There are 2 protein chains.
Amino acid sequence: MSSAEVLASVDIVALRLNPGHGLELLLIRRAQEPFAGQWALPGVLVNGRSADHSLDDAAVRALRDKARLEPAYIEQVATVGNAVRDPRGWSLSVFYLVLVGPDTRVEDDDLDFVPLRDVRSERFALPFDHAQLVQQACERLASKSVYSALPLFLLAPRFTVAEALKAFECAIGQEVQHSSLRGRLERMKEAGWVEDTGERQRPPMGRPQHVLHFTPKPGGAFVFDRSLLAS
Amino acid sequence: MSSAEVLASVDIVALRLNPGHGLELLLIRRAQEPFAGQWALPGVLVNGRSADHSLDDAAVRALRDKARLEPAYIEQVATVGNAVRDPRGWSLSVFYLVLVGPDTRVEDDDLDFVPLRDVRSERFALPFDHAQLVQQACERLASKSVYSALPLFLLAPRFTVAEALKAFECAIGQEVQHSSLRGRLERMKEAGWVEDTGERQRPPMGRPQHVLHFTPKPGGAFVFDRSLLAS
DNA sequence: ATAATAGTGTCTCTCAGACAGTATAGC
DNA sequence: GCTATACTGTCTGAGAGACACTATTAT
């Protein structure tokens, strides 16, 4: 029976928006072999002994146990499996995209958020095929961000248009017209996803900005019927 | 080591378009326990002994070995895993959406295409959580069909607008304006995905129809920048 | 001629893109 | 006053929805 089974893990690609430096990726220093001591994606093994009711539960548990983080958004991206990705043999990884708020902090020395740019430019090497998992998760984020309000999960519940613009641009990797975003936020107001708090926030210079409030609803992000950057 | 591993399978939700009866689902009569003799999704176990280089290879192999079918389109949908879906214990299933051409036939007595409606209406019960996998795969097909040309993979390479319309309507589950579809096909012609063969086909009644030709390109279906049925 | 099906044309509406113009803050 | 940032308004164009109209076949 044992030979009919396979090594399987759940791995997390958790992203945080740093207003100054763009997107950052949560990494953990591995405690066990293989690759002990190296920075890698947080994850857990799943098997019959797991207390988890489901894979999604395992993903949330991984995030909670390893990093004491609660996801603002979580979505299964895909599963990779082959004979070479893990030195221990044929293995599977079900990996998740997680978005957390910008004020998320980690206190542990074995945890850190590092600039996504460094990871994707190969200047920060990851073990296993984790770089590829990050790549796929980011592509998912980018492709969904052109037709949904997914990047809002990278913000605090109270946010400004400028912050939302930054989140969309980082998620998509391209400049976005603020007037297009305003139109979309207007439509979200009508649908009850976003409301104007009436308050203002003063930037260091210039006119004060409206403070909006984002209320997530179960079932994922708000979906628009057109794509951004369609030209 | 054995207890760190888990039972994992790849399951296939393969769909065929029957012009008269809508979408049909490929089922296989299970040869082994559990649920031996019952109709279920075709699938294979994946583990260290598999010859497969990757999960996607395993999916194609499952389809080829069990049903002697080649996919016109294949896409990983998701992975489900929990303690209750298989009586043998905690297990994983990576499941795929597969589209095949309308002239696809199966000769084996242990293989059959059955109306998708029967499966989804619970009139045709499936073992494990296969009904749920079918449901998720169909949702994926429907949601992608509103902004891409995915349903064209349900057609023969040479097709008519009427056939394409039927494919879109079955995939989405809603009526589609033929003029919208014509516009989309026009854009695909400009992009080199579709060409007018110049030939005509005579229906039993009415004006002859243009015969178009669909040339798939690697990397999935053609993507439009708007959604159908956005009202 | 009539029915049936294929295909074209037209009008409206929504919304992204682009960018000009206005408003409100600090200095 | 000047600059920086926030916000509004206007114009354009693409494309979906709806539907009328024309075209081409069989009977």
Side-chain angles (χ1 to χ4, degrees), chain A residues 19-20 143 145-149 151 155 158-169 171-172 174-191 194 196-212 222-231, chain B residues 19-20 143 145-149 151 155 158-169 172 174-191 193-194 196-212 222-231:
Chain A
S143 66
S145 295
V146 300
Y147 67 84
S148 80
L155 302 177
R158 293 161 54 84
F159 69 100
T160 65
V161 175
E163 291 166 345
L165 197 62
K166 182 81 182 172
F168 272 84
E169 291 179 334
I172 298 178
Q174 265 187 57
E175 201 173 328
V176 171
Q177 294 266 341
H178 72 96
S179 48
S180 302
L181 176 59
R182 285 175 201 277
R184 296 193 151 198
L185 288 170
E186 214 56 45
R187 240 157 295 132
M188 291 183 76
K189 284 183 195 168
E190 290 161 14
V194 166
D196 203 322
T197 62
E199 301 168 40
R200 304 295 155 97
Q201 183 174 304
R202 327 183 89 79
M205 273 287 281
R207 182 173 168 175
Q209 21 191 212
H210 289 180
V211 176
L212 306 178
F222 186 87
V223 174
F224 305 100
D225 58 359
R226 293 201 196 175
S227 295
L228 248 19
L229 320 170
S231 65
Chain B
S143 66
S145 295
V146 300
Y147 67 85
S148 79
L155 302 177
R158 293 162 53 84
F159 69 101
T160 65
V161 175
E163 292 166 344
L165 197 62
K166 182 82 182 170
F168 272 85
E169 291 179 336
I172 297 178
Q174 232 176 309
E175 201 174 327
V176 172
Q177 294 267 341
H178 71 95
S179 49
S180 303
L181 177 58
R182 286 176 201 276
R184 295 192 153 198
L185 288 171
E186 214 56 46
R187 241 158 294 132
M188 292 183 75
K189 285 183 194 169
E190 290 161 13
W193 285 67
V194 165
D196 203 322
T197 62
E199 299 167 42
R200 306 294 156 97
Q201 182 176 304
R202 327 182 86 81
M205 271 288 283
R207 180 172 170 176
Q209 19 189 212
H210 288 179
V211 177
L212 305 179
F222 186 86
V223 174
F224 306 99
D225 58 359
R226 289 201 201 176
S227 295
L228 247 21
L229 320 170
S231 66

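Just so you know, these numbers use all the heavy atoms, side chains as well, and skip hydrogens, waters and symmetry mates. Please read these numbers as outputs of a predicted model, since none were measured by experiment. A note on names: the letters A, B, ... follow the listed sequences, proteins ahead of strands, and every chain is numbered from 1.
- The closest donor-acceptor contact from the side chain of Arg184(B) to the backbone of Ser180(B) lies at 3.5 Å or more, if one exists at all.
- When heavy atoms are screened at a 4.0 angstrom cut-off, Gln209(B) is found touching the sugar-phosphate backbone but no base atom.
- One N or O on the side chain of Glu169(B) and one on the backbone of Val176(B) form a donor-acceptor pair closer than 3.5 Å.
- The nearest whole Å value for the distance from the CE atom in Met188(A) to the C1' atom in dC15(C) is 16 Å.
- Going from atom CG of Asp196(A) over to atom CD of Glu186(A) covers 8.5 Å, rounded to the nearest 0.5 Å.
- Nearest nucleotide to the Ser179(B) side chain, out of dA6(D), dA16(C), dA18(D): dA18(D).
- Side-chain nitrogen and oxygen atoms of Arg200(A) include none within less than 4.0 Å of the OP1 or OP2 phosphate oxygen of dT5(D).
- If you find the closest nucleotide of DNA chain C to His210(B) and to Val176(A), the one lying nearer the 5' end belongs to His210(B).
- The CD atom of Glu175(B) sits 17 Å away from the P atom of dA16(D) (whole-angstrom rounding).
- Atom P of nucleotide dA16(D) and atom CG of Asp225(B) are separated by 8 Å, given to the nearest angstrom.
- If you measure from atom CG of Leu165(B) to atom P of dG7(C), you get 11 Å, rounded to the nearest angstrom.
- The CG atom of Asp225(B) lies 7.5 Å from the CZ atom of Arg187(B); values are rounded to the nearest 0.5 Å.
- Between the NZ atom of Lys166(A) and the OG1 atom of Thr160(A) there is a distance of 12.0 Å, given to the nearest 0.5 Å.
- We find the CD-CZ distance between Glu199(A) and Arg158(A) to be 4.0 Å, quoted to the nearest 0.5 Å.
- The shortest distance between the side-chain N/O atoms of Arg184(B) and the OP1/OP2 oxygens of dA16(D) is below 4.0 Å.
- In terms of position along DNA chain D, the nucleotide closest to Arg182(A) lies nearer the 5' end than the nucleotide closest to the other residue of the pair Ser180(B) and Arg182(A).
- Separating the CD atom of Gln201(B) from the P atom of dT25(D) is a distance of 14 Å, rounded to the nearest angstrom.
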**OP:** Report, as a single string ordered 5' to 3', how protein heavy atoms within less than 4.0 Å touch nucleotides 20-27 of chain C: B base, S sugar-phosphate only, - not at all.
**Re:** ---BBBS-
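- Rounded to a whole Å, the CZ atom of Arg226(B) is 4 Å from the C1' atom of dG15(D).
- OP1 or OP2 of dA18(D) lies within a sub-4.0 Å distance of a side-chain N or O belonging to Gln177(B).
- Residue-level contact check: Thr160(A) touches neither bases nor backbone, having no heavy atom under 4.0 Å from any strand.
- By the side-chain hydrogen bond (donor to acceptor under 3.5 Å, both in side chains) test, Arg200(A) is found to be paired with His210(A), residues two or more places apart in sequence or in another chain being considered.
- The interatomic distance linking Lys166(B) (NZ) with dT5(C) (C1') rounds to 15 Å, in whole Å.
- Distance Glu169(B) CD to dG17(D) P: 12 Å, rounded to the nearest Å.
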